[in-house]
Amino acid sequence: MTAQLPGHPHIAYVDNALCVEGLPLADLARTHGTPLFVYSQQSMLDALAAYQRGFAGRKAQICYAMKANSSLGVLQVFAKAGCGFDIVSGGELERVLAAGGDAAKVIFSGVGKSRAEMKRALQVGIGCFNVESEAEIDVLNEVALGLGVRAPISIRVNPNVDAQTHPYISTGLKGNKFGIAHERTLQTYQRAAQLPGLKVVGIDCHIGSQITSEGPYLDAMDRVLDLVQAIEAAGVPIHHIDFGGGLGINYNGDTPPAADTLWAKLLAKLDARGYGERQFMIEPGRSLVGNAGVCVTEVLYLKPGEQKNFCIVDAAMNDLPRPAMYEAFHQIVPLSPRAGKGEVMDVVGPICESGDWLGRDRDLNVHSGDLLAVLSAGAYCMSMSSNYNTRGRAAEVLVSGGKAHVIRQRDTVADQLRNEQLV
Ligand SMILES: *Cc1c(COP(=O)(O)O)cnc(C)c1O
């Protein structure tokens, strides 16, 4: 008997055993150990296909925002599917190249690009810099002139709209560090257009992450199109419009619009305002990978208490940082559900911090030695993981076409000590 997990395509119970694309997670855990990240390639491609349907017949480039999950095997999936990449560091650029991505389809975002990062990006011929401040414009101009080239740029504008998401992942409000204020955009474009080391190619905005309604996108789009109109009226042509990423996923009954439905609405607005034939770019991250991944973890100990019961597992905040960072919710389910009533407990890791929890007040029927899956673990988990408490980062497996491929070996202690030396 098969029972699909709603909102988690290609993850299902088959005869009471949780599977990814039909492969039992318990078998993968036995072979590769825990904690273990397992990703469904088909789920990633399905998520991408929703955007591709949304843009059918339009000029659009999808640039996967790779900070969501920058493992080479994941990048390879998106590179092969024709995606570009949204990067935020020189290190991410090297990952794109190592995974076989096309530098010409790379856009470089971020408020703190160094000269060395700019130089390398210009040398490999990236598609566009999304410039985030007036100071950065001058530095990029200098670096490009030093190389005898012109740097293609968009200016990231801060449309001052509320994405109605967690404050740490909201980026489009006046108080945020991102982008150039709406009021200063026109004059900044006029100045950039006169600098000999720059070539203005586009405009960009990205208002936040885990956005679950279409309103903020529609508002931001209006604000950006008003600017395009003003900038072009001032004689600076805008070749592409980049609407960023940020579409949410279902973690806990969240109901974000589907990518194709959202883009049908957004494109209707673009058409109505006469911009439907433009070149578009988007930078989705979480919505392409978030629900394609799970983290399998073993129950080490049950620790009943007067006020709280604890379920201590072998995954921790170094593997799954989102609960500690944003008090985020991940569903946690047993790989083989037991019959009978459960108990309410907090699922916590072994790290010496009270912030090291994965789920609070969960109703679970588990014994020590049981395996659990932390769901929605494809985005902002492994890419944010650390070696805190000298814990090796987990292994990663990509399931594709009925086969499990190890795309990252578990860190050994030797891996962790490699760059250190005694005085
Ligand atoms: C993080 C980020 C994205 C992707 O955000 P998601 O919420 O993962 O879709 C896109 N663009 C920029 C500039 C970002 O910083």
Side-chain angles (χ1 to χ4, degrees), residues 44 47-48 50-51 54 61-71 74-75 78 83-89 91-93 96 105-113 117 121 126-133 136 153-159 161 163-173 176-180 202-214 216-217 220 224 240-251 254 256-259 262-263 266 280-293 321-322 325-326 328 376-384:
M44 295 181 199
L48 177 63
Y51 282 101
Q61 175 66 55
I62 300 170
C63 292
Y64 168 53
M66 62 181 280
K67 73 179 190 289
N69 186 322
S70 54
S71 300
V74 171
L75 302 184
F78 290 111
C83 289
F85 296 91
D86 175 69
I87 66 168
V88 290
S89 74
E92 287 195 343
L93 176 56
V96 169
K105 293 186 193 165
V106 167
I107 49 187
F108 195 164
S109 301
V111 295
K113 304 174 193 81
E117 287 174 323
I126 70 156
C128 188
F129 291 84
N130 286 349
V131 173
E132 301 224 17
S133 66
E136 184 189 337
I153 68 154
S154 276
I155 290 176
R156 175 167 174 182
V157 302
N158 183 334
V161 302
Q164 291 155 1
T165 184
H166 189 282
Y168 283 11
I169 50 175
S170 169
T171 57
L173 274 170
N176 294 127
K177 69 177 174 182
F178 299 100
I180 287 178
I203 191 167
D204 160 60
C205 78
H206 170 72
I207 55 174
S209 200
Q210 186 53 18
I211 300 167
T212 52
S213 59
E214 62 202 28
Y217 282 105
V224 169
H240 75 244
I241 311 178
D242 178 343
F243 292 105
L247 182 58
I249 61 169
N250 177 3
Y251 284 103
D254 309 286
L262 174 69
W263 275 98
L266 293 174
F280 303 121
M281 315 266 260
I282 51 163
E283 308 164 355
R286 187 192 311 272
S287 53
L288 292 180
V289 291
N291 274 340
R322 298 185 63 258
M325 275 183 80
Y326 319 115
S376 309
Y380 301 107
C381 293
M382 179 49 92
S383 60
M384 281 188 170

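For the single chain, residues carry numbers from 1 onward in sequence order. Read the numbers this way: they start at 1 and go in the same order the structure lists the ligands and their atoms.
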**Q.** side-chain contact (heavy atoms from CB on, under 4.5 Å) involving E214 - partner list, sequence neighbours excluded
**A.** L218, L262, K265
Q) Applying a heavy-atom distance cut-off of 4.0 Å, which protein residues contact ligand 1? A) A65, K67, D86, S109, R156, H206, S209, G245, G246, E283, P284, G285, R286, Y380
(Q) Do Q210 and I249 have side chains that approach each other closer than 4.5 Å (heavy atoms only, starting at C-beta)? (A) yes
**Q.** Set of residues satisfying ring-ring contact (aromatic ring centres under 6.0 Å, His included) with respect to Y64, sequence neighbours excluded
**A.** F78
Q | Flag side-chain contact, heavy atom, 4.5 Å: S376 against R322 | A | no
Q. With distance as the sole criterion, is a donor-acceptor pair present between the side chains of Y380 and S209 under 3.5 Å?
A. no
Q. Can you list the residues that meet the ring-ring contact (aromatic ring centres under 6.0 Å, His included) rule with Y217, with sequence neighbours excluded?
A. none
